[in-house]
Protein chains: 2
Amino acid sequence: MTASALPMVVPLPGLPDRVRIHEVGARDGLQNEKGTVPTEVKAEFVRRLAGAGLTTIEATSFVHPKWVPQLADAEQLFPLVGDLPVALPVLVPNERGLDRALALGARRVAVFASATESFARANLNRTVDEALAMLEPVVARAKAADVHVRGYLSMCFGDPWEGAVPVPQVVRVCRALIDMGCDELSLGDTIGVATPGHVLALLTALTAERVPTDVLGVHFHDTYGQALANTLAALQYGVSTVDASAGGLGGCPYAKSATGNLATEDLVWMLRGLGIDTGVDLGRLVATSAWMAGHLGRPSPSRTVRALSHEDAPADPKEQ
Amino acid sequence: MTASALPMVVPLPGLPDRVRIHEVGARDGLQNEKGTVPTEVKAEFVRRLAGAGLTTIEATSFVHPKWVPQLADAEQLFPLVGDLPVALPVLVPNERGLDRALALGARRVAVFASATESFARANLNRTVDEALAMLEPVVARAKAADVHVRGYLSMCFGDPWEGAVPVPQVVRVCRALIDMGCDELSLGDTIGVATPGHVLALLTALTAERVPTDVLGVHFHDTYGQALANTLAALQYGVSTVDASAGGLGGCPYAKSATGNLATEDLVWMLRGLGIDTGVDLGRLVATSAWMAGHLGRPSPSRTVRALSHEDAPADPKEQ
């Protein structure tokens, strides 16, 4: 790397010493890909992510293949990566999904709920409370099997049908997921509309309802370029789990230039500059995302991946 | 716009009530374009930016056409926009540039200096101190003509040849520019490497050297996706002038996918969500950047521009 290729380390007071990155590229990223990615490529992706130092890598989804055909090979994929020395959560929508995951020896699962009625109906064909009721036995059985359970909550800030989502509505569903037995929550800004004050307001309201900050993760999408600023606001509140997707994989397949998840590399750049330990080797991670971008046939939307893939270009002497 | 197309307004305590956006798209953005943009298109770009509510629009540059051929039409352009009811600063490198700007009736000029010896040599073929000495009569004559002077300082955080730039080195040049008579300073992260702790460290050091925060603007490039998070850190310190480029125009012409300046739209989205007044109509600004992207023949790198240009796309029911 050139002299410029790493940020200077200058901590910001009041931030966590360590941040755990929950890497979602292999699941949230690839589930939106149009083409089929071969199972062996997915497995190699997960292996390279682990090699780059990521310690929590969401591997795949046991949603019915009818809904997410891109991850229909979960049964074939999981055994290929199950022995990696990292946490490998898998998404399970219901008891049937849990059965499939447990049969393969999964030790961590993630369930998902919606903060809004519109998305619950569109995604799950249920009301919010019906969806929660459906999750109850899933979480109970996972906990009985000593399996760690993450709860994803979608549409925590805005909803494409309903607009801004009231904070108390989100808090109520978070509380229900915690009461049900979820070990951690991931607060999803599914459509990327959140801004830092809104993030702080939700976190503060969750504290007021006795949801401990250390069970919270944040899951920002970069649709409007807000993901990293929102992450900074969450870190300033004390959140230390951040979801991100290698290379910024993900996003809406119906809008080809729309951007998806917060890119892991952009997050790692900021955390490294802030002196916050993640254990990630940025160079290996960038190389992994560049390799995956080659398989997908298009450039990574991660600005850091693009910049470091072009780092041999000369600086522009005219640039201010 | 759809229900989701604006952020919910939730202020973050401690931020400025108002932010002045210093729009640099027509100068910093277009100076890096390979092709020639017709003068009338540039003029219409400036007019549309003013129509969208931007109040400070850097119009062009009086750098010698040999160095920035893209802006060689400054004499033709400025009279086409000079009557707009907005501040229209122009870049002047030296006394000759100042003469040209004053002859056209410019009321605001911007000079530029480097925080590093390497960039001073590459960009100005001078040492840092030689470059400052050259600027002294420029600033003095501008002030004598009652012309407002902005001082740009490049490479405030990192330098492609030297790596991380020591904070005291930056503070020294800032102090010199203020002592020379500059009315405001723009702290440039020319290569986009800064992270929020580094931003805070520089701002704190400037305060310690009696540089008032209200003369400071920040100028972030989004090369590593850090620009908006860094802006948030600067706002939290009390900075209320932020440079941005409509549509995210700018960037290094030698690396075609490298991103450039902070996109004005991404900034406006965050400020609007934070309840901070800018006077900008986001819809008109997005339309302006989409129009300009059409002239340039490639999509805007602004995530907000892309998202709002695709806002009729259906939401993805499978996305988490």
Side-chain angles (χ1 to χ4, degrees), chain A residues 2-4 7-8 10-12 28 31-32 67-68 112 122-123 152 154 158-164 188 190-191 193 195-198 200-201 222-226 228-229 232 252-255 257-259 263 266 269-270 273-274 299 303-304 306-307 310 313-320, chain B residues 2-4 7-8 10-12 28 31-32 67-68 112 122-123 152 154 158-164 188 190-191 193 195-198 200-201 222-226 228-229 232 252-255 257-259 263 266 269-270 273-274 299 303-304 306-307 310 313-320:
Chain A
T2 63
S4 62
M8 182 158 118
V10 189
L12 193 63
D28 197 4
Q31 77 177 12
N32 283 308
W67 303 113
V68 186
F112 52 97
N123 195 36
Y152 276 109
S154 293
D159 172 288
W161 301 276
E162 302 180 19
T190 315
I191 59 171
V193 295
T195 50
H198 197 168
L200 182 67
D222 216 14
T223 320
Y224 299 91
Q226 309 296 307
L228 201 58
L232 178 61
C252 179
Y254 299 101
S257 64
T259 53
D266 298 5
W269 185 281
M270 183 174 81
L274 291 167
R303 299 198 193 269
T304 300
R306 292 186 188 198
H310 288 89
D316 174 17
K318 292 188 303 290
E319 196 179 353
Q320 292 308 315
Chain B
T2 63
S4 62
M8 183 158 116
V10 189
L12 194 63
D28 198 4
Q31 80 177 11
N32 282 308
W67 303 113
V68 186
F112 51 97
N123 195 36
Y152 276 109
S154 292
D159 173 289
W161 300 275
E162 301 180 19
T190 315
I191 59 170
V193 297
T195 50
H198 196 169
L200 182 67
D222 216 14
T223 320
Y224 299 91
Q226 309 295 307
L228 201 57
L232 179 61
C252 179
Y254 299 102
S257 64
T259 54
D266 297 5
W269 185 280
M270 183 175 81
L274 291 167
R303 299 198 192 270
T304 300
R306 293 187 187 198
H310 287 87
D316 175 18
K318 295 189 299 291
E319 197 180 350
Q320 292 308 313

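Just so you know, these numbers use all the heavy atoms, side chains as well, and skip hydrogens, waters and symmetry mates. All values reported here derive from a predicted model rather than from experimental measurement. So that the names make sense, note that chain A is the first sequence line, chain B the second, and so on, each numbered from 1.
Partner of B/Pro196 under the side-chain contact (heavy atoms from CB on, under 4.5 Å) criterion, chosen from A/Leu274, A/Val10, A/Leu228: A/Leu274.
For A/Arg303 against B/Gly225, the heavy-atom pair with the smallest separation is CB-N, 3.7 Å.
Note: B/Asp266 CG to A/Gln226 CD = 6.5 Å, rounded to the nearest 0.5 Å.
Only the side chain of B/Thr195 comes within less than 4.5 Å of a heavy atom in chain A; its backbone stays farther off.
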